2 protein chains.
Amino acid sequence: MIPLGASAPRATLADYVVQVIREKTATGELRPGEHLREAELATALGVSRGPVREALAILEAEGQVEIRRHRGAFVSVLTQRDVEEVHSLRAAVETLAAERAVTRLSPAHLAEMDRILQAMKVTPGSVEPQEAVRLDLAFHDVIYDAADHARLRRVWTSIRSQVAFFLHTRNVNFPDFPTVGFPEHHELRTVLSGGDAQAARSAVEKHMTGSYSRLRQLQLPAGSEDDRP
Amino acid sequence: MIPLGASAPRATLADYVVQVIREKTATGELRPGEHLREAELATALGVSRGPVREALAILEAEGQVEIRRHRGAFVSVLTQRDVEEVHSLRAAVETLAAERAVTRLSPAHLAEMDRILQAMKVTPGSVEPQEAVRLDLAFHDVIYDAADHARLRRVWTSIRSQVAFFLHTRNVNFPDFPTVGFPEHHELRTVLSGGDAQAARSAVEKHMTGSYSRLRQLQLPAGSEDDRP
DNA sequence: CCGCCGTAGATTGTCAACAATCTACTGTCT
DNA sequence: AGACAGTAGATTGTTGACAATCTACGGCGG
């Protein structure tokens, strides 16, 4: 479940809350625009408001939630503009990640990739959308892990659950994707293990472009971010 | 002082603490590896430990400080490796920022750039290093502001004070830089206002490469991150 | 009937105290 | 003398309570 080389230097209650909220926003259980009440979260998770506040502050720094003074935290609403932002940022950082990964891929990384590809391949087309998303993200986790770049990984985790949300909604709306997932990622693996940094950049760029074109087909709120009652 | 279009949707004590610590790390007043005691900070800033904890959690999410369970927060030590990380990440995001900026630069942005360039030019070579850093960063702030990309700006603010620290140390060690600052940034302005996205990418890439080669001359801790007593 | 103002409830921002854990020092044993 | 265990102090993690602020509802006036 934990990406790979992620250590746990700080296992505090606040981190636990962060993790829970990240997962719930990724799966869509916490919908964009939803009001996150501190006391509510605290009792639901069996902790006090202190750690919850810390967690919300962290999530705000990552852009996952929006905090308004004396009004509370709201799950960030994802507009068409956000799709574009997340995509362009992801393309920028993931090309760098790929470039670095080609010279740093260990046998363990390759094995992990193959394991994930195997799972992508064997699962029939009618796989649960959530599982397809999990595999997709896991594959890219390996790339970032191989890149061995702490700040790059931080950026990735900051957009990761938003990417997850996009992929999830798309998989639900266009159930044909899981069949496309395998060949695309398999090609990525081939290029990455090839050792050509420039080729890796191009491959990721292409992968991102394809991913974006599919994402654009989604119907998302277009304009401003006022969805709350 | 505030970059440009930065609004203040949340002016809480925690944000105040974050801002103070950012500044103090940028100027080097808070040295890498230093132990940040919550109670100490709280009394020094005239607030309680609650906001301080929130602030430290935010700064940890941005990688500015490192928190160890039951041991506290330490200002992240910047090794040669960190110089490389910050540089590569900055290059990746700033090329994107420049690409977007060329089609979004408003007259106000250009005026702001010119104002900064003017200041860079008129100040004689023996300007205070701190002022030179301020101008340098301010110039790039304008680029990110023109890029109009919330997530991109977040990444920038997360590495901004580390960049500031690097620039500061370099200006102190190599006092000739302030004379190079003007022409380099002037060229950037010219290309950005030209309207060619690809040219803007290349220009920023070149600017970054030059910046990195100068940064590498610094003597920084090379290996692991244990500098504390 | 519609709009404005005031109040009550709810929610967040902040604080001070308690509990858990770590670090450093001291004393003892080999 | 050197090394190890035990203890005291300091520091962080967490909690519950208090104060400031916002939202929603109801009454009043036009």
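Hydrogens, waters and symmetry mates play no part in the numbers below; they use all other heavy atoms, side chains included. Model, not experiment: these values are computed from the prediction. In what follows, every chain begins at residue 1, and chains take the letters A, B, ... in the order their sequences are listed.
- Put simply, CZ on B/Arg68 is 14 Å from C1' on C/dT23, counting in whole angstrom units.
- Regarding contacts with the backbone of D/dT14, a side-chain N or O of A/Thr12 is found under 4.0 angstrom from either OP1 or OP2.
- With respect to A/Glu34 and A/Arg31, no salt bridge is recorded, no charged nitrogen being found less than 4.0 Å from a carboxylate O.
- Using a 4.0 Å heavy-atom criterion, one finds that B/Gly50 contacts no nucleic acid atom at all.
- Side-chain proximity of B/Arg53 to the nucleotides C/dT14, D/dT12, C/dT12 is greatest for D/dT12.
- Under the side-chain hydrogen bond (donor to acceptor under 3.5 Å, both in side chains) criterion, B/Arg37 pairs with B/Glu40, sequence neighbours left out.
- Two residues are said to be in side-chain contact when any heavy atoms from C-beta on lie closer than 4.5 Å; B/Leu41 and B/Arg49 fail this criterion.
- Taking atom OH of residue B/Tyr16 and atom P of nucleotide C/dT14, one finds them 13 Å apart after rounding to whole Å.
- Note on B/Arg151 versus A/Glu84: no salt bridge recorded, every NZ/NE/NH1/NH2 to OD/OE distance being 4.0 Å or above.
- Partners of A/Thr43 by side chain to side chain contact (heavy atoms under 4.5 Å, CB included), not counting sequence neighbours: none found.
- Taking atom CD1 of residue A/Ile67 and atom P of nucleotide C/dT11, one finds them 16 Å apart after rounding to whole Å.
- Residues forming a side chain to side chain contact (heavy atoms under 4.5 Å, CB included) with A/Thr103 (at least two apart in sequence, or on another chain): none.
- Ring geometry for B/His207 versus B/His185: interplanar angle over 60°, hence perpendicular rather than tilted (30 to 60°).
- Comparing D/dT12, C/dC15, D/dT15 by their nearest atom to the side chain of B/Leu13 picks out C/dC15.
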What are the atom names and distances for every N/O pair under 3.5 Å that joins the protein to nucleotides 17-23 of chain D?
from	atom 1	to	atom 2	distance (Å)
D/dT23	OP1	A/Arg71	NE	2.6
D/dT23	OP1	A/Arg71	NH1	3.4

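- Taken residue by residue, residues 37-45 of chain A places heavy atoms nearer than 4.0 Å to DNA chain C at A/Arg37, A/Glu38.
- The residues A/Arg189 and A/Asp114 are annotated as salt-bridged, a charged nitrogen and a carboxylate oxygen being separated by less than 4.0 angstrom.
- Rounded to whole Å, atom P of C/dT14 lies 14 Å from atom CD of A/Glu54.
- Listed by chain and number, the residues in a ring-ring contact (aromatic ring centres under 6.0 Å, His included) with A/His87 are A/Tyr212 (sequence neighbours excluded).
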